[in-house]
Amino acid sequence: MLFSRALIPTVKEAPSDANNVSHTLLVRGGYIRRVGAGMYDFLPLGLRVLKKVEGIVREEMDRAGALEILMPALLPADYFKESGRWDRFGDTLFRVTDRKGADLHLGPTHEEIVTDIARREIRSYRDMPRNLYQIQTKFRDEPRPRGGLLRGREFMMKDAYSFDATEEGAKKSYDDMRAAYMRTFDRMGLTYRLVAADSGAMGGSTSAEFQILADSGEDAIVACDSCEYAANVEVATVKAPPAAASGAAPAALTKVHTPKAKTIEEITAFLKLPASQMLKSLLYVAKDQVVMAVVRGDHDVNEIRLARALGVDEVFLASDADVTKATGADVGFAGPVGFKGRLLVDRAAAAVENAATGANASDHHYTGVSRGRDYEGEVVDIRLATTGDLCPACDKGKLKSYRGIEGGHIFILGTHYSAQMGATYLDEAQQKKPIVMGCYGIGVSRLVATAIEQHHDENGIMWPMSLAPYHVHIVTVGQDEAVIGAAKSLYHGLWSDGVEVLWDDRDERPGVKFKDADLLGIPLRVTIGAKSLAGGHVELKPRSERDPKKAELVPVGEATERVARMVHEALAPAPRASRTSVLPG
RNA sequence: CGGGGCGUAGCGCAGCCUGGUAGCGCACCUGGUUCGGGACCAGGGAGUCGGAGGUUCAAAUCCUCUCGCCCCGACCA
């Protein structure tokens, strides 16, 4: 592609609504443009990258034996009504009404639709296993779209669904998908962790997320530094600390005046105590009931675990008014001592002796608080795992925290949908049984942004070869005839070797071209200028090399072959040894 | 949905408080000089000031309503 004929509208200034690197660089590089909240145009370059992601996903799905189909994005409400999700999906579902007044919606995911295919077409155990997938635009009316391509209201997703006769079969399908996903993410050059995850509202059992590591990620995960345990903090457990009695002499319960010391930081500074000697008391609303959750001052409450401990679907942090009502004090002075109401105490918090905590009276705290004597409560595991915690899976490891972006999610659904929707088959014994399903998603358009989150520097994007819109970026300096001639020959030579080339043939100053080249992030740059060409050379520099002086001089005659070889080597499947994933047990 | 903020030229913003001729940078067009890391000079085109209503001699500016968007919290590929 000639730059002079392309539509690559680069801009110097970051868009005002961008708040992360990938969004900024995608817009600045002329890859995408925003159309509305969570809706984007893919300009030519952006579409090329999207298709690269799609292509890798498709190849690996096909390799794993999955069968590509395409279901409608516009769907009648019947299916979701049948499964109950028409109501349960809530506001996230984009609902539309047709001219006859019938309820329709735009598909956010397709379990019901694909289950309908299964119940009509799969009748025998001999028809399984099968795995059907599609790569399709999905619609979700997100409460808050953000991060450009990271969370849109319309986005591209690959969703696959497996159908098996037995649980064991489903497990095999699941394992196959896991392997296919690892290959997929490996080929995209992404660093990720495979983590245990909350199976959420989908009603699954076994489930894992592919978390692409990025500081800007929305998800917090922990991984063991010694074994292969890794989990979303939502579900991560921690080993209970050894119940070693501190031997400290029990202190008397003392009420101290702590004016305006509301946060843990303020109180620890005021009382000169480590946060681990503090008890943090938070009030939650669970089904109209206000409960108190107590964790150590240096820990955080895991709301999912708390909800589970309470036997409810979800909990919400109580409003300031509710806190005051329940404790009789301003927010910041709640504590377990004398609290009238359901009290849940984390294991680590319960073990703290002579603790300091709110006194349920404004501007006052207690010190010398110990469980058993000063308060009781139910001891449960309700805290978020964090760096330094003991690994629950092995003896010696400690957990370390990471941020991640969910790039894929695999799980076994079991017979949830099939039983509900009557997707059954006959087994060898003529018994009618529900099909055992699994489902597997990859956020295709999200991965475009995710790759940038992992591969960029202050000057722009640094695409992995497998995702780059073009493999090679030729920059010609000046309009000298010899330069143009050499560029033409290289350009055509590379294309006929299967290398995708962008040639910046514009009549621009070199600085402009170099800046744009860095911004676009095409992995290999070949600069052709009169000076080096007079010596019979062109200059080759990978985007990852920041120092322009380190460009390699390559004899013109060898350039085509040399560059083509580099591209093809970079595209070859990565050896297994270079994998960066961690497998949970 | 709760809290905060923003809608002014294609993009990024100032002007609003204290009403009176709509401005700056980038981008774009013309001419010239430049030409290996986002050049310079001169000239030029381009805006229903998000929308509706109101106050006023006069509204980008004040008031009311409305739409859209962004950011911080509860959801997810």
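Letters go in sequence order (proteins before strands), and every chain restarts at 1. All values below come from the heavy atoms of this structure, side chains included, with hydrogens, waters and symmetry mates left out.
Every side-chain contact (heavy atoms from CB on, under 4.5 Å) that A:Asp516 has, sequence neighbours left out, goes to A:Phe3, A:Thr10, A:Arg506, A:Val512, A:Leu519. Applying the ring-ring contact (aromatic ring centres under 6.0 Å, His included) test to A:His473 and every residue at least two apart in sequence or in another chain returns nothing. Shown here are the ring-ring contact (aromatic ring centres under 6.0 Å, His included) partners of A:Phe210, two or more places apart in sequence or in another chain: A:Tyr181, A:Phe185, A:Tyr192. By the salt bridge (charged side-chain N to carboxylate O under 4.0 Å, His left out) test, A:Glu481 pairs with no residue at all, sequence neighbours left out. Under the ring-ring contact (aromatic ring centres under 6.0 Å, His included) criterion, A:His105 pairs with A:Phe80, A:Trp86, sequence neighbours left out.
Using a 4.5 Å heavy-atom cutoff, the side chains of A:Thr97 and A:Arg95 are not in contact.
Around NZ of A:Lys81, the count of heavy atoms belonging to other residues, nucleotides or ligands within 6.0 Å exceeds 12. For A:Asp215, the CG atom is loosely surrounded, since the number of other residues' heavy atoms within 6.0 Å does not exceed 12.
Under the Watson-Crick or G-U wobble criterion, with both distances below 3.5 Å, B:A39 is paired with B:U33. Of all nucleotides present, only B:C1 satisfies the Watson-Crick or G-U wobble test against B:G73, with each distance under 3.5 Å. Of all nucleotides present, only B:G68 satisfies the Watson-Crick or G-U wobble test against B:C6, with each distance under 3.5 Å.
The distance between atom CG of A:Asp480 and atom C1' of B:G36, rounded to the nearest whole Å, is 14 Å. For the pair A:Phe139 CZ and B:C75 P, the computed distance is 24 Å after rounding to whole Å. The interatomic distance linking A:Lys549 (NZ) with B:G37 (C1') rounds to 10 Å, in whole Å. Going from atom CG of A:Leu520 over to atom P of B:G37 covers 18 Å, rounded to whole Å. For A:Phe514 and B:C35, the CZ to C1' distance is 11 Å, given to the nearest whole Å. Distance A:Phe210 CZ to B:A77 C1': 13 Å, rounded to the nearest Å. In this structure, A:Glu154 atom CD and B:A77 atom P are separated by 18 Å, rounded to whole Å. In this structure, A:Ile405 places its CD1 atom 18 Å from P of B:C76, rounding to the nearest Å.
Interface remark: the A:Glu539 side chain does form a donor-acceptor pair with the B:G36 base, using a distance-only criterion of under 3.5 Å. With hydrogens and angles ignored, a donor-acceptor pair under 3.5 angstrom links the side chain of A:Arg28 to the base of B:G38. Counting distance only, with no hydrogens placed and no angle test, the side-chain atoms of A:Arg525 and the base atoms of B:G37 include a donor-acceptor pair under 3.5 Å. Side chain A:Arg140 to base B:C76: no donor-acceptor pair is found below 3.5 Å.
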Between protein and nucleic acid, restricted to nucleotides 67-74 of chain B and to nitrogen or oxygen atoms under 3.5 Å apart, what atom pairs and distances do you find?
| unit_1 | atom_1 | unit_2 | atom_2 | d |
| --- | --- | --- | --- | --- |
| B:C69 | O3' | A:Arg34 | NH1 | 3.3 |
| B:C71 | OP1 | A:Asn19 | ND2 | 2.9 |
| B:C72 | OP2 | A:Arg144 | NH1 | 2.8 |
| B:C72 | OP2 | A:Arg144 | NH2 | 3.1 |

Distances for protein N or O near nucleotides 27-30 of chain B N or O, under 3.5 Å:
| unit_1 | atom_1 | unit_2 | atom_2 | d |
| --- | --- | --- | --- | --- |
| B:A27 | OP1 | A:Lys12 | NZ | 3.3 |

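One P atom belongs to B:G50, the other to B:A9, and the distance between them is 8 Å to the nearest Å. B:C26 and B:A46 have their C1' atoms separated by 14 Å, given to the nearest Å. A gap of 13 Å separates the P atoms of B:C49 and B:G10, to the nearest Å. For B:U8 and B:C70, the P atoms lie 14 Å apart once the distance is rounded to whole Å.
At the heavy-atom level, A:Gly529 lies under 4.0 Å from base atoms of the strands shown. Across all strands, A:Gly152 comes closer than 4.0 Å to base atoms (heavy-atom distances). Here A:Asp159 lies out of heavy-atom contact (under 4.0 Å) with every strand.
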What pairs of donor and acceptor atoms, side-chain ones from residues 531-539 of chain A against any protein atom, are under 3.5 angstrom apart with sequence neighbours left out?
| unit_1 | atom_1 | unit_2 | atom_2 | d |
| --- | --- | --- | --- | --- |
| A:Ser532 | OG | A:Glu539 | OE2 | 2.8 |
| A:His537 | ND1 | A:Gly535 | O | 3.0 |

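A salt bridge does not link A:Arg5 with A:Asp505: every distance from a Lys NZ or Arg NE/NH1/NH2 to an Asp or Glu carboxylate oxygen is 4.0 Å or more.
For residues 146-160 of chain A, the set of pairs meeting the salt bridge (charged side-chain N to carboxylate O under 4.0 Å, His left out) definition, not counting sequence neighbours, comprises A:Lys138-A:Asp159, A:Asp141-A:Arg153, A:Glu142-A:Arg151, A:Arg146-A:Glu218, A:Arg151-A:Glu218.
Neither OP1 nor OP2 of B:C76 sits under 4.0 Å from any side-chain N or O of A:Arg151.
Centre separation under 5.5 Å together with a plane angle under 30° holds for the ring of A:Phe155 and the six-membered base ring of B:A77, marking them as stacked.
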